[in-house]
Amino acid sequence: MTQKQTILIVEDEPKLVRLVREVMTATGFAVLTTGDGEEAVRLTAVSQPDLILLDIVLTSDLDGFGVARRVREFSDVPIILLTAKVQESDILRGFDAGADDYVTKPFSSRELLARVRAVLKRAHREEGDAADAEIVCGPLRIDLARRRVAVAGENVHLTRTEYNLLHELARHQNQVLLHEQLLTAVWGPEYRDDLDYLRAYIRYLRRKLEPDPANPALIVTVPGVGYMLECPG
Ligand code: CA
């Protein structure tokens, strides 16, 4: 018997909790819920859910961004933000805090389920692709088995999505990858037009990997087309 996957719902509006719980339970997920930020962090540590649906605005001291940040100190569990806010700055702040995706309120149950499935699928694909090789590109070294990255001998911590994007670029080093190719490979085919995701993550990678992120030498932009990891030799 396969064990049910568990979704942790962190939301303080009872109506929305009921709705999301119903959708997830009907689809075959086990569900945990809390409306409190601190409790959400505790539940994540204790129960190790397979995915977190995380409201940004919580009445507790710790809001959704805070929860994501705390959870990322010890867990790579996929996090989808539930947000009434649609400003790009909030979404980028969410990615920055370690969220994997977001759904804007009000959302349909179909939309929510599609996101949950896409994010879970992404997480599983990664578990399967351990290899005992490494990719070297100038000062950059990617240990594929351990999913670790170093620049000039210094370890650099990447979030899961950052790593996946870098891995995709590195697998095709010195080749231009189209925006749609990267979005499809890293996020999934349903994200092929979400250029904002890609731009944000390219920016994060450059900030972590490039000596001068404003003048990138590793991850180069091919305007209007895509990106390329440029490796010497
Ligand atoms: Ca709320």
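All figures in this text were calculated on a predicted structure; none of them were measured in a lab. Only this structure's heavy atoms are used, side chains among them; waters, hydrogens and symmetry mates stay out.
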Rounded to the nearest 0.5 Å, what separation is found between the [atom1] atom of [X] and the [atom2] atom of [Y]?
X	Y	atom1	atom2	value
Asp101	Arg115	CG	CZ	4.5 Å
Leu144	Arg171	CG	CZ	10.0 Å
Ile79	Phe95	CD1	CZ	12.0 Å
Leu51	Gln5	CG	CD	8.5 Å
Leu198	Gln181	CG	CD	11.5 Å
Leu229	Gln173	CG	CD	6.5 Å

(Q) Counting only heavy atoms not in Asp212 (residues, nucleotides, ligands), do more than 12 fall under 6.0 Å from its CG? (A)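 Yes.
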
(Q) Is it the case that over 12 heavy atoms from other parts of the model lie below 6.0 angstrom from the CZ atom of Arg148? (A)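 Open.
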
Is there a path from [X] to [Y] through hydrophobic residues (I, L, V, M, F, W, Y) whose side chains come within less than 4.5 Å of each other?
X	Y	result
Met228	Leu140	no
Phe65	Phe74	yes
Tyr197	Leu178	no
Leu92	Val186	yes
Leu183	Val225	no

Under the criterion side-chain contact (heavy atoms from CB on, under 4.5 Å), which of [options] is the partner of [X]?
X	options	answer
Leu112	Thr27, Leu82, Leu19	Leu82
Glu11	Leu54, Thr34, Val17	Val17
Pro49	Ile7, Thr44, Val10	Thr44

Backbone of [Y] reached by a side-chain donor or acceptor of [X] within 3.5 Å:
X	Y	value
Asp63	Leu58	no
Arg69	Gly64	no
Ser60	Gly37	yes
Arg206	Leu209	no
Thr184	Glu180	yes
Glu210	Asn215	no
Arg70	Val41	no

Q. How are the rings of Tyr201 and Tyr204 set to each other: parallel, tilted or perpendicular (split at 30° and 60°)?
A.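 Perpendicular.
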
Check: [Y] and [X] side chains under 4.5 Å, non-hydrogen atoms:
X	Y	answer
Thr221	Ile202	no
Glu13	Asp55	yes
Leu182	Glu168	yes
Trp187	Asn164	no
Leu53	Val116	yes
Glu111	Val103	yes

Q: Take Ile91 and Asp196, measure what side chain to side chain contact (heavy atoms under 4.5 Å, CB included) needs, and give me the verdict at the end.
A: CA-CA 10 Å; Ile91 288 154; Asp196 289 347; over 6 Å; no

Minimum heavy-atom separation for [X] to [Y], with atom names?
X	Y	value
Leu8	Ala40	CD2-O, 3.8 Å
Val220	Pro216	CG1-O, 4.0 Å
Asn174	Cys231	OD1-N, 2.8 Å
Asp12	Thr59	OD2-N, 2.7 Å
Ser47	Leu32	CB-CD1, 3.6 Å
Pro78	Asp100	CA-OD2, 3.1 Å

Q: Give the C-alpha distance, both sets of side-chain angles, the deciding distance and a yes or no for side chain to side chain contact (heavy atoms under 4.5 Å, CB included) between Arg141 and Val151.
A: CA-CA 6 Å; Arg141 191 171 284 267; Val151 177; over 6 Å; no

Q | Check against side chain to side chain contact (heavy atoms under 4.5 Å, CB included), Leu16 and Phe107 | A | CA-CA 10 Å; Leu16 199 56; Phe107 45 78; 4.2 Å; yes

Q: Decide, yes or no, whether a salt bridge links Arg207 with Asp96 under the criterion of side-chain N to carboxylate O below 4.0 Å.
A: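 So Arg207 pairs with Asp96 through a salt bridge.
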
(Q) Using a strict threshold of under 4.0 Å (side-chain N to carboxylate O), is an ion pair present between Arg117 and Glu190? (A)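 Result for this pair is no, no salt bridge flagged.
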
**Q.** Arg122 charged N/C atom sitting above Tyr191 aromatic ring, 6.0 Å / 45°
**A.**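 Geometry flag: set, cation within 6.0 Å and 45°.
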
(Q) Please evaluate residues Tyr227 and Leu177 with respect to the criterion side chain to side chain contact (heavy atoms under 4.5 Å, CB included), reporting the C-alpha separation (whole Å), side-chain torsions for both, the decisive distance (0.1 Å), and the verdict. (A) CA-CA 6 Å; Tyr227 297 95; Leu177 291 177; 5.9 Å; no

